[in-house]
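Note sheet for the following structure.
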Protein chains: 2
Amino acid sequence: MAATRPYANAYDLLRESGLRPTRQRLALAKLLFDGTDRHVRAEQLHGEALADGIRVSLATVYNTLHQFTEVGLLREVIVESGRAYFDTNISDHHHFFCENSGELRDIPADQLAIARLPDPPAGKTVKRVDVILHLADLED
Amino acid sequence: MAATRPYANAYDLLRESGLRPTRQRLALAKLLFDGTDRHVRAEQLHGEALADGIRVSLATVYNTLHQFTEVGLLREVIVESGRAYFDTNISDHHHFFCENSGELRDIPADQLAIARLPDPPAGKTVKRVDVILHLADLED
DNA sequence: ATTCTATATTAGAATTATTCTAAGATAGAG
DNA sequence: CTCTATCTTAGAATAATTCTAATATAGAAT
């Protein structure tokens, strides 16, 4: 097995990313990279860790999520002011965001295409393209 | 003059939107809808109002920006966690966001096209399509 | 014009998400 | 085994925003 790296051992993952494999990073990596695509909030991951008996502070969860994002293991998705999600799916794709439930869902890359990108202003590069489709309940 | 409604009298604007034209709403509307496209933050608009000698509280600025957004006079743009901009350009368009300077800039509608939109999940409609191109300084 | 009532506005407290701080712990090189 | 750079920590601090309950005001009804 290998494919999209379905379980590349948390230890190796950290090693390859140049992050010291500490107890809490290992534990959080295991929770995050379980092979499924996850959209996590810091507070929520902290809860999961505690529930698993892992002693880790919320500050460390924030630090770790940001470090993972820096080395490209995660992608941060901003949907509302004061609400950051971290996406374990780092492939090229976009998101549905349901304003009623607060749920974030992946849109597969092949279902949304950007036809034309504008040139960035001089001296800048486009670092990231975020597309969010805000959903609302259909009522009649 | 009329075109895109370049100065449709703040009073009428509020009236047509079903908002009671109070002193502070009128003043804020005048600051916001001056004919140019603006990207405003609440704190900043509050500062401008005070500088103009308009007595208004920050809470009212927040209330007003949200009310204007609800009736379609403004559009809220989220770029980073804990950072909301209100855009006076409510036509269909997208944004560049420079992470270094915090500057938000319009991308004209004709410079970015979405080729294909996915179907929303059952029972939902796509309420808004947000595209943000994150910019970073080009260095070498 | 005056009165009245629903809606606005206010200051300040409260909340939420996040970052900072400075002290103590630990991975792993030597 | 020791040492040091890097982590982790609890709790304080910050930032943006929302809430609260009291006061003010627009505009309809008198």
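Lettering follows sequence order; numbering is per chain, from 1.
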Closer than 3.5 angstrom, by distance alone: can the side chain of B:Arg25 be matched with the main-chain N or O of B:Leu19 as a donor-acceptor pair?
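Between the backbone of B:Leu19 and the side chain of B:Arg25 there is no qualifying donor-acceptor contact (under 3.5 Å).
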
Under 6.0 Å between the ring centres of B:Phe86 and B:His66?
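Aromatic pair counts; centres sit under 6.0 Å.
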
Length of the line joining [X]:[atom1] and [N]:[atom2], which is rounded to integer Å:
X       : N      : atom1 : atom2 : value
A:Leu58 : C:dA17 : CG    : P     : 10 Å
A:Gln44 : C:dT16 : CD    : C1'   : 16 Å
A:Ile78 : C:dA17 : CD1   : P     : 13 Å
A:Asn63 : C:dT19 : CG    : P     : 9 Å
B:Leu26 : C:dA8  : CG    : P     : 13 Å

Is atom CZ of B:Arg55 surrounded by more than 12 heavy atoms (other residues, nucleotides or ligands) closer than 6.0 Å?
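No, CZ of B:Arg55 has 12 or fewer neighbouring heavy atoms, counting only those of other groups under 6.0 Å.
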
Does OP1 or OP2 of C:dT10 have a side-chain N or O of B:Ser57 closer than 4.0 Å?
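So the side-chain polar atoms of B:Ser57 do come within 4.0 Å of the phosphate oxygens OP1 or OP2 of C:dT10, strictly under.
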
It should be established whether A:Tyr62 places a side-chain nitrogen or oxygen under 4.0 Å from OP1 or OP2 of nucleotide C:dT18.
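For C:dT18, OP1/OP2 do have a side-chain N/O of A:Tyr62 under 4.0 Å.
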
Go through DNA chain D in 5' to 3' direction and return only the first and the last nucleotide with some atom under 4.0 Å of chain B's heavy atoms.
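So the outermost contacting nucleotides come out as D:dA16 to D:dG27.
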
What are the two closest heavy atoms between B:Glu80 and A:Ile78, and how far apart are they?
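The answer is C-CG2, 3.7 Å.
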
With a 4.0 Å cut-off, would you call A:Arg38 and A:Asp106 a salt bridge?
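Judged by the 4.0 Å cut-off on N to carboxylate O distance, A:Arg38 and A:Asp106 do not form a salt bridge.
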
Is it true that B:Asp92 and B:Arg128 have a side-chain N and a carboxylate O under 4.0 angstrom from each other?
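Judged by the 4.0 Å cut-off on N to carboxylate O distance, B:Asp92 and B:Arg128 do not form a salt bridge.
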
Could you walk me through whether A:Leu73 and A:Ile90 pass the side-chain contact (heavy atoms from CB on, under 4.5 Å) check?
CA-CA 7 Å; A:Leu73 292 176; A:Ile90 52 173; 5.9 Å; no

Going 5' to 3' through nucleotides 22-30 of chain C, assign each nucleotide B (protein heavy atom under 4.0 Å from a base atom), S (under 4.0 Å only from sugar-phosphate atoms) or - (no protein heavy atom that close).
----BBS--

With a 4.5 Å limit on heavy-atom distance, are the side chains of A:Asp130 and B:His134 in contact?
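Contact flag for A:Asp130/B:His134 side chains = yes.
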
Let me know, please, whether A:Val61 or B:His66 comes out on the 5' side of the other along DNA chain D by nearest nucleotide.
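Taking each residue's closest nucleotide, the earlier one in sequence belongs to A:Val61.
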
Could you walk me through whether A:Lys124 and B:Glu103 pass the salt bridge (Lys or Arg N to Asp or Glu O under 4.0 Å) test, one step at a time?
CA-CA 13 Å; A:Lys124 307 277 181 188; B:Glu103 190 206 351; over 6 Å; no

